Amino acid sequence: MASANEPVEGASAGEGPVEGASASEGPVVMMDYFMHLEYHEVVCPIVRRYAASLMAGKILGQYSPKSGLVYVPPRSFCPVSCEWLGEDHLIELEDRGVVTAFTIVTPVQYYGQEETEPFAKASVLLDGPGGMLSLQDILEIPPDEVRIGMRVEAVWLPEHERNTDEIGNRSWGSAAGAIVGWRPTGEPDLPAETFTEKVY
Amino acid sequence: MADLPISTHVIEFPYTRTLGPVLGPFLTGLRDGQIYGIRSNDGRVLTPPTEWDPLTGEPLETSALVPVGPGGVVETWAWVNHPTVKHPLDRPFAFALIKLDGADTALMHAVDAGSMDAMSTGMRVTARFKDERIGVITDLVFIPEGGE
Amino acid sequence: MSAQPCAIVGIGQTKHKKRRDDVSLPGLVREAAQRALDDAEMTWTDIDAIVLGKAPDPFEGVMMPELSMADALGAAGKPILRVHTAGSVGGSTAIVASNLIRTGRHERVLTVAYEKQAEGNAQWGLAGGRSGGMGAGGIFAPWMRSFMTRTGSPAHIGPMVAVKDRRNAAKNPYAHLQMPNLTLEEVLDSPMLWEPIHWHESCPSSDGACAMVLTTETIAAGAARPPAWVLATAMRSELGMFPGRDPVRPLAGVECAHAVFDAAGITNPIEQIDVSEIYVPFSWYEPMWLEGHDLVGPGEAWKLIESGDTNIGGKFPVNPSGGVLSSNPIGASGMLRFAEAALQVRGMAGEHQVDGATVAFGQAYGGAAQYFAMWVVGATLDAVDRKK
Amino acid sequence: MSAQDIAIVGYAQSPSWERAELTEVQFLFPVIADAIAMANIDRRAIGFTCAGSCDYLSGQTFAFVSNLEAVGAWPPISESHVEMDGAWAMFEAWIALQHGDIDIALAFGSGKSSPGDPAQIYPLQMDPYTLTPLGADPTSLAALQARALLDSGRITEREMAEVAARNRHDAIGNPYAQVSGEVDVGALLATPYVTAPMREHDLPPFSDGACAVIMATAEKAREICENPVWIRGIDHRIEIHQPGMRDLRESPSTATAGRGAGVGDGPVDIAELSVAYTHQEKILKEALGLGDGVKINPSGGPLTANPMMATGLSRIAEAARAIQRGDAKRAVAHATSGQPLQQNLVCVLEGDS
């Protein structure tokens with residue numbers, strides 16, 4: 001056994017550091033590691049139904065009789081009343097509603113960030129049976145004019161341009177590929193105070 | 001099941017890892033074609049070098065780096081028939097625990113032996129450094145000693 | 001079987017910075033742990049069990065780090081647990097560790113929490129790796145706006161909290177951002193990130209770690225420096241996203257506070273708590289939690305803040321360490337709150353010490369303001385009774 | 001065991017799917033509901049809940065938050081989460097029960113491996129500087145261990161194949177198994193190596209699944225359950241991380257945890273061990289000092305169903321089921337984490353005398 005700090009003589013490729021081009025002379029203080037992971041997840045049945053309804057120009061939700069809550073997109077169960085929800089709990093929702101909360105995001109640059117201009121994301125409470133779509137894009141109005149109580153309606157892509165492949169199991173309230181966003185209807189605003197509780 | 005719609009989702013990020021007083025010199029050594037271990041408080045030479053005693057957690061003298069290798073003995077090995085994109089070689093190769101000359105613990109690394117038949121426990125291997133090196137563990141692979 | 005007392009005899013933290021390029025990932029964690037061991041006058045081999053906490057692994061790209069960090073934490077042959085409850089993780093980790101002492105399972109427990117955010121990017125992590133991320137502030141902004149409307153709080157209250165915390169941080173050698181001369185105008189002039197939050201009202205991204213050594217009453221009797229005693233702990237979680245939830249005053253936060261105060265025997269928190277370290281990553285969360293934990297009544301928090309009562313020397317000091325607004329290694333921030341509360345009752349908070357503090361409150365929250373971890377610590381086991 | 005006696009009063013598992021159609025929270029939801037129903041308690045009687053899962057499995061930074069929906073955390077609950085197998089979540093819940101202020105706790109583990117490629121994800125579990133960049137995957141690390149054991153003469157490739165055949169035979173009739181059936185050892189040995197010295201049958205299937213276990217303090221357990229399964233001991237330990245600094249042929253952390261859990265304090269009828277690779281049965285059996293009379297993995301074990309983050313807790317549920325069915329009086333359950341067998345948890349269960 002060679003003594004601990006002498007490079008081993010003998011047939012090894014050479015003694016001590018091997019000559020050869022090394023990128024830079026100074027000490028190495030950083031190490032890069034490029035993580036790349038791909039996930040291919042089966043779209044669950046209820047999201048498939050939701051995506052299909054969007055292709056047909058309709059927004060499907062699920063109503064929970066026990067809790068009285070409406071979930072959109074539908075989730076197959078109600079986490080509040082802990083009851084499983086099936087076909088007969090599906091309901092068709094309105095494509096009009098009111099902005100209950102919004103955020104004007106000034107995009108911060110990070111790897112993969114494509115946004116450069118401030119954008120508004122809003123929670124839209126749908127008319128009729130209800131249902132709350134979050135993180136929706138507001139169109140045809142500058143971000144700083146978005147306000148609570150504003151009446152909005154969905155802006156659908158033409159049927160032949162719709163493509164809901166992007167809708168996966170975890171796209172919170174996404175209607176990507178069918179609804180481009182929500183535009184003001186021009187109707188008078190509803191009083192903002194009624195929504196301070198429904199900030200969701 | 002085969003025709004069910006699939007949603008694809010990629011997470012990707014270029015992490016930048018700071019190295020500190022032991023890993024910095026260790027990877028600097030690899031860039032310069034030299035493998036280092038570290039002398040533990042009980043006199044053993046640990047490879048890969050750590051800032052602490054792995055058994056007790058007590059701090060080590062971080063400047064006590066010791067050159068080891070480039071040759072060494074295979075303590076155990078596995079033949080990877082189907083390498084993934086994350087593996088260091090794109091053709092079948094061996095992962096091995098290599099007790100480098102001068103070290104008291106084994107380094108896990110890849111052996112580009114060409115075929116499984118070239119591999120055996122107890123064989124000697126030696127480091128084959130890449131020409132272009134940047135200071136990462138993949139700056140080298142091992143080959144059977146006396147190989148090309 | 002009543003719970004046995006749990007003492008905090010060792011506290012350590014790193015100098016929090018944007019990027020600690022002088023240490024490896026385990027080296028950062030060991031820096032805090034070694035300081036906690038030195039404070040406790042214990043060695044690595046004295047420790048029976050380790051409880052590690054941090055926020056999502058994709059922040060550093062290291063999965064289940066307790067596995068690769070076992071050796072660095074002297075864990076070989078010992079039990080180690082890794083807790084993960086989003087932003088409150090630093091607090092819940094400390095609570096899980098204290099349970100190991102209070103149930104008599106172990107006698108010397110090292111608990112560590114960290115985040116080395118400069119290895120990755122927190123905004124990328126919070127966006128789940130996707131473009132157009134909201135950022136935590138983006139999720140919280142509408143809730144802050146709703147709180148301002150509900151309580152009629154004037155717009156300068158948030159900026160006042162930012163000035164207080166960043167000036168306090170100048171008295172905390174470990175804090176990341178230290179701005180002894182920050183003014184209200186500078187905060188109001190700084191760019192708006194998510195309306196109504198200005199740049200100076202939002203937390204930095206930091207590399208940092210925090211560690212504590214917890215032990216039994218008998219072992220603490222021999223401690224070189226006064227220990228802090230865990231008087232009560234509580235954790236609550238609630239669903240994050242469902243119609244009808246009130247995220248401005250989450251029920252989990254209300255119930256967690258009542259549970260921890262009841263368990264500590266606190267009947268009038270605003271009077272009996274000497275100092276609080278609470279999770280305020282965006283300025284408006286100070287008033288929101290003062291009311292959200294029923295420390296003051298609705299519409300009262302901004303008055304307390306405006307009067308300077310939450311400053312060091314005020315009636316109810318909040319975040320004398322500078323808080324999350326000044327240092328935010330996310331995984332460690334919760335434990336920093338718990339540890340700073342313990343430092344206060346040990347009389348070891350140095351320049352930002354609240355004089356005579358014997359009862360302190362540590363709080364952390366996470367996720368969509370849906371995870372809560374809280375503890376009350378005292379200079380003595382009967383610290384609260386002495387206040388009555 | 002000085003800790004207050006605590007018993008398992010309910011448990012449930014999902015089937016083990018190669019590729020689940022439902023999302024993780026959707027298939028976890030009925031498992032928790034079934035465990036609660038078996039324990040015949042009201043959901044609100046649960047004093048503490050602890051979850052085990054791993055964000056990286058599903059590739060989402062806050063994936064564990066959605067699992068909270070399966071627990072029905074409204075009104076708010078006292079809950080925590082470990083980024084580990086559900087068996088460690090059970091340990092944390094078992095500790096919480098010893099506080100004396102609650103009397104029922106829920107622990108669960110869930111994981112969906114199918115969306116990702118574990119061979120590409122799991123290298124992130126290893127040392128980020130010296131092992132992750134090599135893509136050191138669990139199969140390769142297990143193969144290094146298998147080779148070391150083969151070289152020591154303590155096992156042969158035939159004996160490894162026999163473990164696989166026995167597990168698949170025993171899995172016949174187990175509704176939670178994904179792989180089962182009668183296989184010929186000779187035929188298995190004729191198949192090619194995947195990662196030598198391991199063949200297909202030496203490796204676990206990829207599985208999606210979930211498991212939940214409900215525990216109660218002695219007094220509450222006797223009140224709500226006819227045949228509670230007593231937890232006589234739980235202990236868990238971790239070993240050094242770098243494979244080159246360990247003797248892969250041994251599992252000292254399992255031996256220590258086994259002593260801590262009191263395995264040797266009485267006869268053992270069956271043992272549900274987290275044998276994800278055939279050669280590991282020998283290592284774990286010897287580390288726990290289990291004689292040949294002990295039936296190993298009557299459920300078929302992880303070689304027939306291996307839902308990550310739930311597979312360790314499933315061993316505990318299967319052992320409890322065997323006791324309640326009368327197939328065993330005293331059982332050992334084992335969970336593992338880290339590659340290979342770096343961290344191990346041992347639990348000793350006993351039926352009512």
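Keep in mind that what you see is a predicted model, and the values were worked out from it rather than measured. Each chain gets a letter, A, B and so on, in the order the sequences are listed, and its residues count up from 1.
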Chemist: Quick one: does C/Asp21's side chain get under 4.5 Å of A/Val29's, heavy atoms only?
Modeler: no
Chemist: Check each atom of C/Arg145 against the heavy atoms of chain A and say whether the ones under 4.5 Å are side chain, backbone, both or neither.
Modeler: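 Just its side chain gets close to chain A.
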Chemist: As an exercise: rank C/Ala141, C/Gly133, C/Gly61, C/Gly129 by heavy-atom pairs under 4.5 Å with chain A and give me the winner.
Modeler: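 Ranked by heavy-atom pairs under 4.5 Å with chain A, first place is C/Gly133.
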Chemist: For C/Tyr114, check ring pair (Phe, Tyr, Trp, His ring centres under 6.0 Å) against everything at least two apart and list the hits.
Modeler: none
Chemist: Hey, what do you get for CE (A/Met31) to OG (C/Ser24), rounding to the nearest 0.5 Å?
Modeler: 11.5 Å
Chemist: What part of A/Met30 gets closer than 4.5 Å to chain C, counting heavy atoms only: side chain, backbone, both or neither?
Modeler: side chain
Chemist: Chain C heavy atoms under 4.5 Å from A/Tyr33: which part of the residue, side chain, backbone, both or neither?
Modeler: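 Contact with chain C: none, neither part.
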Chemist: Looking at A/Trp84, I'd like to know if its CH2 atom is crowded, meaning that more than 12 non-hydrogen atoms belonging to other residues, nucleotides or ligands lie closer than 6.0 Å.
Modeler: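 More than 12 heavy atoms, drawn from other residues, nucleotides or ligands, come within 6.0 Å of this atom.
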Chemist: Rounded to the nearest 0.5 Å, what separation is found between the CD1 atom of C/Ile139 and the OG atom of A/Ser134?
Modeler: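 Spacing of CD1 (C/Ile139) from OG (A/Ser134) equals 8.0 Å.
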Chemist: Return the minimal non-hydrogen interatomic distance between A/Lys121 and C/Met134, and the atom names on each side.
Modeler: CG-SD, 3.5 Å
Chemist: Starting at CE of C/Met241, measure out to CG of A/Leu135 and round the result to the nearest 0.5 Å.
Modeler: 6.5 Å
Chemist: Heavy atom to heavy atom, less than 4.5 Å: which residues from residues 102-117 of chain A reach chain C?
Modeler: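 Only A/Phe102, A/Thr103, A/Ile104, A/Val105, A/Thr106, A/Val108, A/Gln109, A/Tyr110, A/Tyr111, A/Gly112, A/Gln113, A/Glu114, A/Glu115 of residues 102-117 of chain A have a heavy atom under 4.5 Å from chain C.
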